[in-house]
Amino acid sequence: MLSELLQGIESGGFLIIRDSCRYSGRDLLKSFITAALNREEVIHILCFDVSEEELKDGLKPSDTQRLHIHNAYSDPLGWTGHPNFTVQQFSLEDLTNLVKQTSQPKPAVLVIDSLSWILRHKTPPAVCQTLQQLRKGGAVRAVIGLLHTDMHQRGTVGSVCHLATSLISVAPGVKGKEAVARVTKRTKSGKVMQDEGIFCIAEDFTVTILSKPSHAEHKTNSTEEEQTDPTANLTFNLRLSDSELEAKQKLTLPFVFSKEKKTALLHPGPGSGRILYEPDAYDDYDQEDPDDDLDV
Amino acid sequence: MFTELNSILNTSPDSFTRGEFILVSDRQSDASFLIHHFLSFYLRARCKVCFLGLAQSFCHYSAVSQRLGVSLTQAKEKGQLVFFEGLKECLSVLTPKENNVESEAMNFLRDPPVGLRSLYEFVRSSVIGSGSMEEGAEQWGPSVLLVDDLSVLLSLGVDVGAVLDFSHYCRALVCSQVQGNMVMLVRCNGEEDDDDDDDDDDDGDVGSDVLLKGLTHQCNLNLHVQGLPTGYCKDIHGQMEVCWKRRQSDAPHMQKNLFQYKVYDKGASFFARGTSSAVL
């Protein structure tokens, strides 16, 4: 499902990439940007978290006419007096004006890096309202946002993700370059589809989907069971023939107290040893059995 | 300056990557020895250093740097080092006298919701203000900002969001605009918890954890110092995790390495796990 999302987001869609400290989702975000640029779409990026140079690093320079980066990194709070874009400008009117300034024929895709920055300075209800208005408004065709889940409370993350039509949660994979993506997609009819896959991102930000993790685990388990047969390939014989197997099952172990052993001990047959006991004058010979454990 | 750490990080005073944000963090341990390393490293590299010493006095840093072979007093006189002594400045805010010229940088002590904008203005003036130099002044290398440490600001009543904004603005100024480097120390007290539950009782610990996570997202290199998971050891003082992020030259993935260290009188030695000289 990750590859379907990379091929295009439907109109009015809202995609959130959720990441954490352990694995940054920015590379996947850049993959989405690259894929959209390759589809000849117009993209507006609100850049809060990283500088413009760092965001453009790796993207092909020929596509920059359709790529508009709004620098909210150098002065998002207006401390220097002449800010380019502040976090307070994250509202429907300001964003619509910003997108319309470039006067492109097609409605654009809005990319927000990152939503966490905005959520730290505006209340979650205001942010959710603006995002919902943007989706329905028509100024932008679709919205893609990056969210750092470990920087907010669970309720905040849950509220914002509830608005999304698609969610991708990324986590580090087992091997170095791989990462695990859990995709949740909500269709307009209300159906929810979930998928999980391992992917890796190349230097030109193309995504390669590798095998799925849950299926891969099952496969390795079954092959392992077939492969490990310790009695094979030895210089001596460890296997049992049928007659040997029968004899083994018939064998009684010496210290197991089975019924046959008990009767043999209690009722000794002829030829087994007998104990003759003649008590001395000083012996206290008690006929009674103090332990009462002989079944006589 | 610790030579073993330089080889681990693949840097030297003659050649180091510019525009980097190095985050030094610790959990129930003390990573301030790394701040002394970076201070002497950048002074030896002939960089212009702005040092916000909020945790200790100037004499303390001066004494330790003396042992590492660098004189802070000389650097201050030559204009290479701008030292902000947090302990002295906050006294001037809390007990104002007539002769004292009150520095605006610590005005958040009087009014914490104001945030750290004035402190940022101080950093900005010392990093950029060096443009107008007197005649005959020496030319220094790229500007470097060192902060020891950010968690002190949390305990002084500043909001976590304000500290994250401050570090964001410092990064935009020092790393992106001036192409210098930035080193910040953050300390956490609580245990590392893997679940997302917020603990309402321990607001202080949650604050420093959120600060650490926010700064980890922003940084290029994270040096995380912790005690040994097996307990106290006389010969090994702890473990340090080196976590590289966002290296443009390599493939875009994170790289983590774990080392153990021992701090000496005049330095520290770093070695791979299990290869301490006491063991081998």
Side-chain angles (χ1 to χ4, degrees), chain A residues 19-28 30-31 47-55 57-58 71-81 83 87 113-114 116-117 119-122 146-158 172-173 175-179 200-205, chain B residues 19 21 23 25 115-121 123-124 128 159-166 168-173 175-177 179 192-200 206 209-220 222 224 243-256:
Chain A
D19 69 355
S20 63
C21 288
R22 300 182 303 143
Y23 184 82
S24 171
R26 189 158 291 111
D27 296 323
L28 189 61
K30 283 192 185 177
S31 304
C47 193
F48 284 98
D49 262 9
V50 292
S51 64
E52 204 173 314
E53 293 78 33
E54 198 175 328
L55 196 64
D57 181 43
N71 181 16
Y73 166 78
S74 36
D75 192 9
L77 300 172
W79 284 3
T80 59
V87 74
D113 177 16
S114 63
S116 294
W117 228 102
L119 282 169
R120 278 206 297 114
H121 291 275
K122 300 196 91 173
L146 179 65
L147 183 65
H148 305 303
T149 51
D150 47 9
M151 283 184 61
H152 310 281
Q153 295 188 348
R154 251 199 309 209
T156 312
V157 173
K175 292 183 209 162
K177 284 193 188 182
E178 296 171 353
C200 84
I201 302 183
E203 283 202 24
D204 60 348
F205 295 107
Chain B
F21 173 18
L23 177 70
S25 56
L116 296 168
R117 187 171 172 174
S118 317
L119 192 60
Y120 166 71
E121 297 294 338
V123 169
R124 189 185 170 82
I128 294 198
D159 188 36
V160 175
V163 181
L164 284 171
D165 292 338
F166 170 72
H168 175 100
Y169 267 88
C170 287
R171 185 167 147 244
L173 171 71
C175 297
S176 306
Q177 193 177 335
Q179 286 290 309
E192 193 171 342
D193 52 323
D194 289 320
D195 33 79
D196 309 74
D197 294 331
D198 284 333
D199 198 346
D200 291 306
V206 170
D209 274 326
V210 173
L211 178 61
L212 176 63
K213 286 183 182 142
L215 290 172
T216 313
H217 277 290
Q218 290 179 9
C219 72
N220 292 90
N222 183 11
H224 189 64
C243 187
W244 292 101
K245 301 181 98 171
R246 291 202 215 115
R247 298 187 84 176
Q248 268 84 19
S249 50
D250 299 338
H253 68 276
M254 269 174 44
Q255 190 186 340
K256 281 192 185 188

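Quick note on labels: first sequence line is chain A, next is B, and so on, each numbered from 1. Keep in mind that this is a model prediction, so the values were computed, not measured.
- Between chain B and the residues A/His121, A/Glu52, A/Glu53, the most heavy-atom pairs under 4.5 angstrom are made by A/His121.
- B/His217 and A/Asp19 share no donor-acceptor pair across their side chains, judged by distance under 3.5 Å alone.
- For A/Pro172, no part lies near chain B; criterion is any non-hydrogen pair under 4.5 Å.
- To the nearest 0.5 Å, atom OG1 of residue B/Thr216 and atom CE of residue A/Met151 are 9.5 Å apart.
- The nearest pair of heavy atoms linking B/His168 to A/Trp117 is ND1-NE1, 3.3 Å.
- The structure places CG of B/Asp159 at 9.0 Å from CZ of A/Arg120, a figure rounded to the nearest 0.5 Å.
- When each of B/Val210, B/Leu212, B/Val160, B/Leu164 is scored by its heavy-atom pairs under 4.5 Å with chain A, the top score falls to B/Leu164.
- Heavy atoms closer than 4.5 Å to chain A are found nowhere in B/Asn222, neither backbone nor side chain.
- Of the atoms belonging to B/Gln177, not a single heavy atom falls under 4.5 Å from chain A.
- The closest donor-acceptor contact from the side chain of B/Tyr169 to the backbone of A/Leu77 lies under 3.5 Å.
- With a 4.5 angstrom heavy-atom cutoff, A/Ser114 does not touch chain B via any of its atoms.
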Verdict with supporting geometry, A/Thr149 and B/Lys213, side-chain contact (heavy atoms from CB on, under 4.5 Å): CA-CA 10 Å; A/Thr149 51; B/Lys213 286 183 182 142; over 6 Å; no
